[in-house]
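Single-structure report; data block below.
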Amino acid sequence: MPKLIKNNAVVDDSYEILPKDFNEASVEGLKIVPLAYWLAHAENLKSQAEIGVWIDSDEGPEELAPFLDSLKLIALNFPKFADGRGYSIARILRDRYKYQGELRAIGDVLHDQLFYMKRCGFDAFAIRADKDPVAALAGLQAFSDCYQGASDNPVPLFRRRA
């Protein structure tokens, strides 16, 4: 079973991520469906608490806004290490839409990104398959403090020290 980092620990990943071209009539169990599939079948899927949705880096989270209360998991795909659009999508989900469920980074996710992803609101990380999630766990503690506010702590350092 694949592993992921969730809430600062390495755990088994029991979810299956369905491909972007998935188009079967129904889905059951612990699955993460693509955004287009979710939007086409939202009325049937929103009652299934174990179903999550994944957003590609070229898609926006706005269409999910009416469903955020019924989604326990949203995964954001990082198709390559240098694509940072997922950071912005995470901030929009956490800060603008006040999404409280699990926010998972999937795709080309590496040790160097974890600290910054956590600052943007991610709480789960599916590390790239050829990397060790136990070794990557240290990436969450790359820095001891931050100057600016973010989703994980909106108060900037100068306000915390005053």
Looking at every heavy atom in both [X] and [Y], which two are closest together, and how far apart are they?
X	Y	result
His111	Gly139	NE2-N, 3.4 Å
Gly149	Arg91	O-NH1, 4.5 Å
Leu93	Pro61	CD2-CB, 3.6 Å
Ser151	Pro154	O-CD, 4.4 Å
Glu50	Leu30	CB-CD2, 3.5 Å
Glu59	Asp56	OE1-N, 2.8 Å

How are the rings of Phe78 and Phe122 set to each other: parallel, tilted or perpendicular (split at 30° and 60°)?
->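 Geometry flag for Phe122 against Phe78: tilted rings.
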Using the ring of each side chain (for Trp, its six-membered ring), is Phe143 parallel, tilted or perpendicular to Tyr116, with breaks at 30° and 60°?
->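 Rings of Phe143 and Tyr116: tilted, as their planes differ by 30° to 60°.
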Determine whether [X] and [Y] fall in the same hydrophobic cluster, where Ile, Leu, Val, Met, Phe, Trp and Tyr are linked whenever their side-chain heavy atoms lie under 4.5 Å apart.
X	Y	answer
Leu73	Leu18	no
Ile5	Val11	no
Trp38	Ile32	no
Tyr87	Leu110	no
Phe67	Tyr97	yes

State the [atom1]-[atom2] distance between [X] and [Y], to the nearest 0.5 angstrom.
X	Y	atom1	atom2	result
Gln148	Arg119	CD	CZ	5.5 Å
Arg85	Ile55	CZ	CD1	12.5 Å
Leu140	Met117	CG	CE	10.5 Å
Ile127	Asp108	CD1	CG	10.5 Å
Gln48	Leu71	CD	CG	11.5 Å
Ile89	Cys120	CD1	SG	11.0 Å

Looking at [Y], is its backbone amide N or carbonyl O close enough to the side chain of [X] to form a donor-acceptor pair, meaning the two atoms are under 3.5 Å apart?
X	Y	value
Gln100	Lys98	yes
Arg104	Ala126	no
Arg94	Gly121	yes

Could you give me the CA-CA distance, side-chain angles and deciding distance for Val27 and Tyr37, then say whether side chain to side chain contact (heavy atoms under 4.5 Å, CB included) is met?
-> CA-CA 10 Å; Val27 62; Tyr37 185 87; 3.9 Å; yes
Stepwise side chain to side chain contact (heavy atoms under 4.5 Å, CB included) check, Arg128 with Phe81 | CA-CA 10 Å; Arg128 199 171 76 192; Phe81 177 79; 5.9 Å; no
Can you list the steps and then say if Asn8 with Lys118 is a side chain to side chain contact (heavy atoms under 4.5 Å, CB included)?
-> CA-CA 10 Å; Asn8 299 320; Lys118 183 177 178 184; 3.6 Å; yes
Starting from the C-alpha separation in whole Å, work towards a yes-or-no answer on side chain to side chain contact (heavy atoms under 4.5 Å, CB included) for Lys31 and Tyr15.
-> CA-CA 5 Å; Lys31 306 284 193 242; Tyr15 276 87; 5.6 Å; no
Between [X] and [Y], is any pair of side-chain heavy atoms under 4.5 Å apart?
X	Y	result
Lys20	Asn77	no
Ile74	Leu68	yes
Tyr99	Ile92	no
Leu114	Val109	yes

Does Asp12 pair with Lys3 as a salt bridge, N-O distance under 4.0 Å?
->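 Salt bridge between Asp12 and Lys3, a charged N being under 4.0 Å from a carboxylate O: yes.
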Please indicate whether Asp132 has more than 12 foreign heavy atoms, meaning atoms of other residues, nucleotides or ligands, lying under 6.0 Å from its CG.
->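 More than 12 heavy atoms, drawn from other residues, nucleotides or ligands, come within 6.0 Å of this atom.
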